[in-house]
Structure formats: structure tokens, C-alpha cells
There are 2 protein chains.
Amino acid sequence: MAEKRLYQKIASQILKMIESGAYPPGTRLPGERELAETLGVSRVVVREAEISLEALGHVEIKVGSGVYVKRRDQQDHSRLPKVSAFELTQTRLLFESESAALAATEITPEQLAELERTIERMENSPQDSEEADEADRVFHLTIAKASGNRANYFIMENLWRMRVELPEVREMYAAVCVEDSYKRVDEHAAILNALKERNPDKARKAMRAHFSRLIENLLVASEQHAIEEARRRSHANREKYLKSALAS
Amino acid sequence: MAEKRLYQKIASQILKMIESGAYPPGTRLPGERELAETLGVSRVVVREAEISLEALGHVEIKVGSGVYVKRRDQQDHSRLPKVSAFELTQTRLLFESESAALAATEITPEQLAELERTIERMENSPQDSEEADEADRVFHLTIAKASGNRANYFIMENLWRMRVELPEVREMYAAVCVEDSYKRVDEHAAILNALKERNPDKARKAMRAHFSRLIENLLVASEQHAIEEARRRSHANREKYLKSALAS
DNA sequence: GTCCTTGAATTGGTAGGACAATTTGGTAAC
DNA sequence: GTTACCAAATTGTCCTACCAATTCAAGGAC
């Protein structure tokens, strides 16, 4: 929040409002004049802020209508590819396993403590809460950082973005996380243990096990999803059939 | 050029001027007032255009001084992290090895043929030519694509961007490639062979060998670089000494 | 019911001036 | 000759006020 130019301050304030949930995706945010008044700046500045937000892909300005919050999935869709939860998890398996093996020899005591904390946080928070997800995020990113390789960290950031920003992936993960978060804690603990021992091979295997189980659960979940889908369709067909039967 | 908003038209005009070479990187472009007059628009619009260009990373606005064209290498530095050639190569080693192992079971005959072609192209082009680099790029990206995982391909694209867009990395790679491109061809051929045999383990090892040698060469090159640097410094010191000796 | 007009609401753009940060050039002190 | 400092010129920043262009929905004509 140490922006020099006014329009940047306003832009980040608007962004905050959006991210706080005050203006869900697709909705229109207050008019130029109204915003200018409530924020105590001129209309020009508000326009500049909105222009910069548009350039960054957060909103869409429609002339004569208003400025609308972009939906998250079409936001910078240009930068993230469409991948399935399976693909992402496979990539994470191969990438994070090797990353963990590297981290085993490079990790610092502070980072080990950080990992310890995330596990505690995960234990003490509800299973599908945002806090648990945040702890999960910090856990995996910390390991990437602990590999002592900035390229690894960058890749990990991108993988995590796919995890949370791609709607399909997000849904799939949400579907499996509710039922297995206690296992997640155990597996994280096993990984941390291997890192504490500074055992690359063990760390690699622990990480592989973590993701192997995730993939299995994803398979189960997608099967259930497919079954449900089939049931829904047959139900729809039945409606259709009954309707035509009644019509005849 | 079908921009609706005026500021977008102006922004693309300014961008054109920059890219035409009228304002080389680092130079200051005309002031707000001057630009507004020559382009026949108001100062506000010029500023909006410059703000959007700043958001996209093309220029840098300095209050009270002017707006300056950003150098290309620090342009979207915001999106790519600063990593050394060593870090990048380490990440590529661990990532591409696993990626190749995956590709061994998934690769299609067409993709095998594509790889074959890149090796021929590399053989028939000068060692440090752009064409050889392009063949190199296609080789590695094709393998990522052949893993049948779009997330893998995306990661590989990012790794290659670092390879060519980060100046330090680019220089280091250029320094080692001139002397060992014939080995590169052999190693690519070995990898292709393993893929043809559909042998994941062999593919993984071949890729690891490829990058292991690259890292070794990078080490040698960085040593030489360090020696040269030391020589240059001592030379500079000598100049300085002679100067003060003459002055006294 | 459908189509068209109309007017309110909204963003887009202009003009010009006051202000703040930065650069620059000149002057004085050493 | 060099350095330090100060003031003017330059430049981006922000504001007010006004008008133009566009969108959208309500209400009337058919």
C-alpha cells in the first residue's frame, strides 16, 4: 500500500472491495461519479484506476453501461491453460516429488518450523475450511522454496494457481478433500519427517505417496460424478419420454 | 486497430512509435503536453494511454521527470522470476527427465517423426544459429506435449521462456552452446532412441545425462567467466593505479 | 404482442489551471 | 577548478466543470 500515484491507491482499494466479495464476478460496480465521491477523488482518477484494472484483466469496462467484475475463470484465462485435475495432479506428482528430494538436502531449520506450523494449523481447522487450504498452500510452496531454486518456486506458484483458479480443477479437488483431509495431515507429517531426516529418497517417496492417493481419490470421485451424470441424464430422458407419451 | 476507446488508439500509436525505433529503450518520450498536441487529443487521454502502457510493462513513468521506454529484458520481468542458468537447468533436469519418462509410454508415431526432423535440422544447420536453437526448442516442447499432459506442456513453455528471455540465462547458454552442439545432437538422438523403444527408464536417464552434461559445461563456462572478470578488474585497477601515479 | 422512440443514466473526452516532484543551470563559497 | 546550494524551468499529477457518445429500459404507436 505504498503506492505513489493516486490512481494506483484507488485501483488497489477497488481491487480490495472486489476481492472482499462486495462485488461478486459479473456484477457491476458503482458508477464513476459515485466511486469518486465515496473515495474522495476526482472522476478522472477513478477512470485511470479502472483503466489499469482493465489492463490487468480484473474488470471489463463497457461504454455507456458500467464496469463489470470479470469472472475469475475468464480473467487471465489467456495465461493458464485448460487442464484437468488429473493432468495437474500428475504434473504435481512428478514435479513436487523431485522438488521435495532436492529440498531434503537444502531445507533450513526455519522452513522446517514453518512446515510444522502448517500441519498444526491444518489439524486445528475444519476439514474443508479456507484456513486448511491456505495451510496446504503454504506447505507445498514452502517445500518448493526450500529446494533453494527460484525456478522451482515459480513453477510451483503456477501449479497452485491452476489448482485454485481453474474451476474444474477446483471443484474436483473440493470434492475429494472433504473426505480425506485427515489422511492429508498424516501424509504431510510423513513428508516433513523425511525432510527432517534430510533423506531425499524418503522425501520423494512420501510426496509420491501423497499424490498417488490423491489421484486414486480423484478417480473414485470422477466415477461417482459420472454415475450421477448418467442418472441425471436417464432421469431427463424419462421426463422427456413421459412428456411425449402424455402428449400423444 | 479497431479500438473503441480513444486511449487505446493512442496507446497503440505510441507503441508503434516505440517499436519503429523512434524511441530506443531507455530514452524519454515527448512530454504529456507535447504528445497531446501532436496527436490531437487531450492530455488526460495521453496519460490514460501511458498508464495502460505502464500496466503492460512497456514504459515506466517517473513523476516530474518523464516517461521512459523500458528495456526489453526488464520488460515483463514482473512475470518471470530472476533465476540463474544453474537454477533453470536444475529444474529442467528434474522436470524434463520425468516428463520424458512419461512421454515414453504416450508418444505418438507422428511426434516421434517430428523429433527425428528436429535432429536432422540441428545437424544441417550451423552450430550457434537461430535455426539450431529453434530445433532445440521444438525438440523439448514436443516431448513435453508427448507426455500427454497439458500442464506439463505449459510448464515447459514457461521454462523455455526463461531460457530465452532472461538475459543472464541466455548469455550463459550461448556461451556453452557454441562448443558442444555436436554432443547435443548425439544426446537428443539417444533420448529419441529411448522414446522409440518406449522405455521410460532409459528415456529418463538419457534426459538426465543431457542436462547433467549441460550443468557441467555451465560450471566450466562460469569459471572462465569469473577468471575473465578478475582479469578485467585487475586491468581496471592497473589503469587506476597508473593514473594516480601519473597524477602525483 | 411487437417495434420504435425517447429520455435518463453512464462512461468518454476536452479544456485549463493549480500543485508537487524532479531536473537543470547558475551562482557563491571554498 | 571544484563543490554546494538555491531557484527557475520542466514535467507529471490532480482537480473542476462542461459537453459528447453510448447504452438501456420504459412507455407509446401500431
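Sequence lines set the chain letters: A, B, ... in the order given, protein chains first and strands last, and positions in each chain run from 1.
Contacts with DNA chain D (heavy atom under 4.0 Å) in residues 34-42 of chain A: Val41(A), Ser42(A), listed by number.
With dG12(C), dT13(D), dT16(D) as the choices, the nucleotide that has an atom nearest any side-chain atom of Val44(A) turns out to be dT16(D). The nucleotide whose nearest atom lies closest to any side-chain atom of Val63(B) is, among dT13(D), dT16(D), dG13(C), dT13(D).
Here Arg33(B) does not reach the OP1 or OP2 of dG16(C): none of its side-chain N or O atoms lies under 4.0 Å away.
Each of Lys62(B) and Val45(A) was matched to the nucleotide of DNA chain D holding its nearest heavy atom; the match closer to the 5' end belongs to Lys62(B).
At a threshold of 4.5 Å between non-hydrogen side-chain atoms, the residues Met162(A) and Val169(A) do not count as touching.
Contact annotation: side chain of Arg43(B) to base of dG13(C), donor-acceptor pair absent below 3.5 Å.
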*asked:* Before you tell me yes or no, could you show the steps for Asn152(A) and Phe95(B) under side-chain contact (heavy atoms from CB on, under 4.5 Å), namely the whole-Å CA-CA distance, both residues' side-chain angles and the distance that decides it to 0.1 Å?
replied: CA-CA 10 Å; Asn152(A) 274 354; Phe95(B) 177 77; over 6 Å; no

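Taking atom CG on Leu29(A) and atom P on dA9(C), their separation rounds to 19 Å, with Å as the unit. Between Glu32(A) atom CD and dC14(D) atom C1' the separation is 15 Å, expressed in whole Å. dA21(C) atom P lies 18 Å from atom CD of Glu60(B), rounded to whole Å. Rounding to whole angstrom units, CD of residue Gln8(A) and C1' of dT13(D) are separated by 12 Å. Atom-to-atom, CD of Glu48(B) to P of dG12(D) comes out at 15 Å; the value is rounded to the nearest Å. What separates CD1 of Ile51(B) from P of dG13(C) is a distance of 13 Å, to the nearest Å. Residue Glu54(A) contributes atom CD, which lies 12 Å from atom C1' of dG12(C) at whole-angstrom precision. Atom CZ in Arg28(B) sits about 7 Å away from atom C1' in dT11(D), given to the nearest Å.
Using a 4.0 Å cut-off between charged side-chain N and carboxylate O, Arg121(A) and Glu131(A) make a salt bridge.
Donor-acceptor pairing under 3.5 Å is recorded for the side chains of Thr108(A) and Gln111(A).
Listed by first then second residue, pairs satisfying ring-ring contact (aromatic ring centres under 6.0 Å, His included) with a partner in residues 131-157 of chain B read Phe139(B)-His188(B), His140(B)-His188(B), His140(B)-His210(B), His140(B)-Phe211(B), not counting sequence neighbours.
Across Leu166(B) and Val83(B), no two heavy atoms sit closer than the pair CD1-CG2, 3.7 Å.
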All N/O donor-acceptor pairs, side-chain side in residues 30-40 of chain B, below 3.5 Å, sequence neighbours left out:
from	atom 1	to	atom 2	distance (Å)
Glu32(B)	OE1	Arg43(B)	NE	3.4
Glu32(B)	OE2	Arg47(B)	NE	3.4
Thr38(B)	OG1	Glu34(B)	O	3.4
Thr38(B)	OG1	Leu35(B)	O	3.1

